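The figures here come from the full heavy-atom set of this structure, side chains too, leaving out hydrogens, waters and symmetry mates. These numbers were taken from a predicted model, which means no experiment stands behind them. Proteins come first, then strands; the chains are lettered A, B, ... in the order of their sequence lines, and each starts at number 1.
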Number of protein chains: 2
Amino acid sequence: MPKSITRTYSRYSRDAAALLGALIREARNERKFTVQELADRAGISRGLLQRIEKGNLKCEIGAVFEVATIVGVKLFDTDESALTKYLRQTKEKLALLPKSVRKKSKAVHDDF
Amino acid sequence: MPKSITRTYSRYSRDAAALLGALIREARNERKFTVQELADRAGISRGLLQRIEKGNLKCEIGAVFEVATIVGVKLFDTDESALTKYLRQTKEKLALLPKSVRKKSKAVHDDF
DNA sequence: CTCTTATGAGCTATATGAAGACCATTTTTT
DNA sequence: AAAAAATGGTCTTCATATAGCTCATAAGAG
């Protein structure tokens, strides 16, 4: 990323990532996987998995989701079929909405 | 990412990211935010937000969580207090577990 | 219709996330 | 006790995700 961006994260985001990491670690221990084994299964490095388990926010979401999936940590509290179904519904719903958000151009002042 | 890693993602991971992106877009439209506005609030670029909404798996999880938080998409279907509470419990639980996973050294072969 | 603006896609430069080493510590096995 | 394995750091190298533009299209407002 150019221009050296220093990101700030909300407490909620940090907690969510920390929780997800803790759940992954818990599930990994329950399944008797070592860090190395799980990393291998997920196709990532050991170091990355350790960062994920610590709740590091600067990891790619695909790696995190993949690890979570392997050890059985459910995202969205739904199983796969329900997830797919809900995904389709959501996309259909979006297709019906206006394609772009348009601000009331003049003097509506819904900022109060 | 050195050595040109080509990651493969499970269907569940792809669906989860796609759903999260769709939920974000839906919430953004409901709150009448333009892509640019939400990106500015989250401190990310417009292009990154567009990729997040499309469910791109190669975004950093911090950016995705931050955007989700801003528009009110709840991760883990719990509110902030419940999240924090559960996080503490999970960490306490982990502290009680063995610090390392140890394979039965000989011929257990629970790999199947 | 015209005008305005949001969106989507493509491009480049660069900051940085990830891999793959290494080593120290901790934990479990023998 | 020793040995072996898992974990958790640090460091360097490098592929790439990101920011920050463009431009084209789409779509709402007047």
Query raised in the report: Taking C-beta and beyond as the side chain, do A:R102 and B:K32 meet within less than 4.5 Å on heavy atoms?
Result: no
Requested in this report: Give a yes/no verdict on a cation-pi contact between A:K74 and B:Y12, requiring under 6.0 Å between NZ or CZ and the six-membered ring centre and an angle within 45° of the axis.
Outcome: yes
**Report entry** Between D:dA15 (C1') and A:E60 (CD): distance, integer Å
**Finding:** 12 Å
**Report entry** Under-3.5 Å donor-acceptor pair between B:R46 side chain and D:dG20 base
**Finding:** no
**Report entry** Atom-pair distance (CG on A:N29; C1' on D:dT7), nearest Å
**Finding:** 11 Å
Query - A:E92 side chain near A:L96 side chain, heavy-atom distance below 4.5 Å - result: no
Report summary line: Of A:K99 and A:V35, the one whose closest nucleotide on DNA chain D sits nearer the 5' end is A:V35
Requested in this report: For A:F33 and D:dT7, give me the distance from atom CZ to atom C1', rounded to whole Å.
Outcome: 17 Å
Report task. Answer yes or no: does a side-chain N or O of B:K54 lie under 4.0 Å from OP1 or OP2 of C:dG8? Result -> no
Report task. Can you tell me the distance, in whole Å, between the CD atom of B:Q50 and the P atom of C:dA6? Result -> 13 Å
Query raised in the report: Given D:dA19, is OP1 or OP2 found less than 4.0 Å from the side-chain N or O atoms of A:R7?
Result: yes
Query raised in the report: Hey, is the side chain of A:R28 poking within less than 4.0 Å of OP1 or OP2 on D:dT7, counting only N and O atoms?
Result: yes
Report task. With the side chain of A:T34 defined as its heavy atoms from C-beta on, choose the nearest nucleotide among C:dA19, D:dA6, D:dA27. Result -> D:dA6
Requested in this report: Please state how far atom CG in B:N56 lies from atom P in D:dA19, giving the value in whole angstrom units.
Outcome: 13 Å
**Report entry** Shortest side-chain distance from B:K58, nucleotide among C:dT5, D:dA19, D:dA17
**Finding:** D:dA17
Requested in this report: Report yes if a side-chain nitrogen or oxygen of A:R25 is closer than 4.0 Å to either non-bridging phosphate oxygen (OP1 or OP2) of D:dG8; otherwise report no.
Outcome: yes
**Report entry** B:I52 side chain near B:L20 side chain, heavy-atom distance below 4.5 Å
**Finding:** no
Report summary line: Taken to the nearest whole Å, CD1/B:I52 to P/C:dG8 is 14 Å
Report task. Report the distance from atom NZ of B:K32 to atom P of D:dA29, rounded to the nearest whole Å. Result -> 10 Å
Report summary line: A:Q36 CD to C:dC22 P, in whole Å, measures 14 Å
Report summary line: Between B:G47 and A:P98, whichever has its closest DNA chain D nucleotide further toward 5' is B:G47
Requested in this report: May I ask you to evaluate whether A:S100 reaches the phosphate of C:dA6, defined as a side-chain N or O under 4.0 Å from OP1 or OP2?
Outcome: no
**Report entry** Under 3.5 Å side-chain donor-acceptor pair for A:S81 and A:T84
**Finding:** no
